[in-house]
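Just below is one structure, and these are the notes that go with it.
In this text, all values refer to a predicted model and were calculated from it rather than measured experimentally.
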Amino acid sequence: MGDELKRLYIEPTSRCNLRCAMCFRNSWIGESTGDMDEKTFRAVMEHLPASVETIFFGGMGEPLAHPRIVEMVRAASASGRRTELLSNGSLLDEAHAAALLDAGLDMLWLSVDGFKEERYESIRRNGHLATLKQHIMTFNQLRFALNREVKLGLAFVVMKSNVQELADLPYFASYYRVNEVNISHAIPTDEHTESELLYRNVIGSDLGGDNVPPSAPRIHLPLMDWTQPGAAQAAAGLLSAGMCEIFLSGQRLHRPARRCRFIDDGIAFVRHDGFVAPCMSLLRTSRLYWGGKTRVNQHHFFGNVRDTPLDMIWNSPDYAAFRNKVRNFEFSPCCRCSQCDNWENSLPDCYGNNTPTCGACLWSEGIISCP
């Protein structure tokens, strides 16, 4: 396996114009907000490793709130890299859409967590679904008038309160010409968000995982009319059984667990203030609420592009050793146990690993995913 930086996430700003009910921002501890200044952005672009294929503008803020986001996208595109951006869409008026497309944007991701006005606005506080729909229509008119392909993606956070909205997803995606949809679970930050989770039993199950024993039964399931009485309930029971391999129309249902997509796929994050983190989980010091206990998850950086060139940070011995350690993933399975005092106090895990202890990461369990 190679060890090259392939996909770089740049956080233009940590400010956001919305306050979403399930947002990870609500759990920050001692973290400040701000915009990436021109000097920091220039430092990133001047020392990009040649291996970087994609520059993704995202993070924990709204990129379109940055006054120079169009210039940033233009510089990224001019470097020859694929350029993507994640937005809540509320600021995506015609002027913004036209400018981003002219700057060379290759893919726009929009966060949408409900397809009915009441549900959407209960989650996306200060946001309006009607406004978002109009912005998507305008963006589509502009992108389809170009002589190059520009894609549109949706990012959806599924919870108990909006899971029924998934039934409308195929129609919404088809009508608005969406190319790709990324569905993730919510991160529990307090008792309320924990009550919204749809994966409590999944964490402890190896269904479709990498640890299913060879003796486990292999069950081949055909497609069927899931709307028939009892069909959906039967499928739910089957998928919740655990310790078996299930194939749907010949394709094995696989839950990648105890691995880090950020490390395996060559991803790094540059925060708005220039600090370089290996993943989204370690970008901010924040609070995680799980099983009635609270854990403080400390941010973790390997340098700052304002002091050290990005390529030197990536190739530094400490960062390289960390990536190798995570690939081996010899961490205790903290998400699957009852959360001991070490977990709660962010102490070394049961295998003796000092922080960051990646066995406590929901991304590594295949539960949380980023576009």
Tell me whether the centres of the aromatic rings in [X] and [Y] are closer together than 6.0 Å.
| X | Y | answer |
| --- | --- | --- |
| F262 | F269 | yes |
| F115 | Y175 | no |
| F172 | Y176 | yes |
| F302 | F322 | yes |

Evaluate whether atom [atom1] of [X] has more than 12 neighbouring non-hydrogen atoms of other residues, nucleotides or ligands under 6.0 angstrom away.
| X | atom1 | result |
| --- | --- | --- |
| E71 | CD | yes |
| N315 | CG | yes |
| M312 | CE | no |
| E117 | CD | yes |

Check for me whether R200 meets the cation-pi criterion with W290, that is, NZ or CZ under 6.0 Å from the six-membered ring centre and within 45 degrees of the ring axis. yes
Regarding R177 and the six-membered ring of F144, is the cationic atom NZ or CZ under 6.0 Å from the ring centre and inside 45° of its axis? yes
Donor-acceptor check, side chain of [X] to backbone of [Y], threshold 3.5 angstrom: yes or no?
| X | Y | answer |
| --- | --- | --- |
| E62 | S87 | no |
| S174 | Y171 | no |
| R287 | D190 | no |
| N179 | G153 | no |
| N342 | L347 | no |
| Y199 | A186 | yes |
| H135 | E94 | no |
| E196 | M159 | no |

For the [atom1] atom of [X] and the [atom2] atom of [Y], what is their distance to the nearest 0.5 Å?
| X | Y | atom1 | atom2 | answer |
| --- | --- | --- | --- | --- |
| S332 | Y351 | OG | OH | 6.0 Å |
| E191 | T294 | CD | OG1 | 10.0 Å |
| L248 | H220 | CG | NE2 | 11.5 Å |
| N353 | C358 | CG | SG | 8.5 Å |
| I367 | S184 | CD1 | OG | 8.5 Å |

Intermediate values then yes/no, side-chain contact (heavy atoms from CB on, under 4.5 Å), F301 and H299: CA-CA 7 Å; F301 308 122; H299 61 221; 3.5 Å; yes
L48 side chain reached by I55 side chain, heavy atoms, under 4.5 Å: yes
Can you find a heavy atom in the side chain of N17 that is under 4.5 Å from one in the side chain of N88? yes
How far apart are the closest heavy atoms of [X] and [Y], and which atoms are they?
| X | Y | value |
| --- | --- | --- |
| C334 | D349 | SG-CB, 4.2 Å |
| A235 | W226 | CB-CZ3, 3.5 Å |
| V270 | M36 | CG1-CE, 4.0 Å |
| A65 | T13 | CB-CG2, 4.4 Å |
| G58 | P63 | CA-CG, 4.3 Å |
| T33 | S14 | CA-OG, 3.0 Å |

For T83, which residues count as a side chain to side chain contact (heavy atoms under 4.5 Å, CB included) partner, sequence neighbours excluded? F57, V73, A76, S77, L105, D106
Cluster link I183 to L154, ILVMFWY, side chain under 4.5 Å: yes
Please say yes or no: joined through hydrophobic side-chain contacts below 4.5 Å, possibly via intermediate residues, are L132 and L142 part of one cluster? yes
Sidechain N-carboxylate O distance under 4.0 Å for [X], [Y]:
| X | Y | result |
| --- | --- | --- |
| E84 | K151 | no |
| R7 | D265 | no |
| D273 | R271 | yes |
| E53 | R81 | no |
| E344 | R295 | no |
| E118 | K116 | no |
| R284 | E11 | yes |

Which residues pass the salt bridge (charged side-chain N to carboxylate O under 4.0 Å, His left out) test with R323, sequence neighbours left out? D3
Going by the side chain to side chain contact (heavy atoms under 4.5 Å, CB included) test, name the single residue among D113, L198, L169, L197 that passes it with V158. L198
Take N297 and T285, measure what side-chain hydrogen bond (donor to acceptor under 3.5 Å, both in side chains) needs, and give me the verdict at the end. CA-CA 5 Å; N297 188 57; T285 296; over 6 Å; no
Which is it for D225 and Q228 under the side-chain hydrogen bond (donor to acceptor under 3.5 Å, both in side chains) test, yes or no, and what are the steps along the way? CA-CA 6 Å; D225 188 349; Q228 290 297 314; 3.3 Å; yes
Decide whether H66 and R68 meet the rule of one side-chain donor and one side-chain acceptor closer than 3.5 Å. no
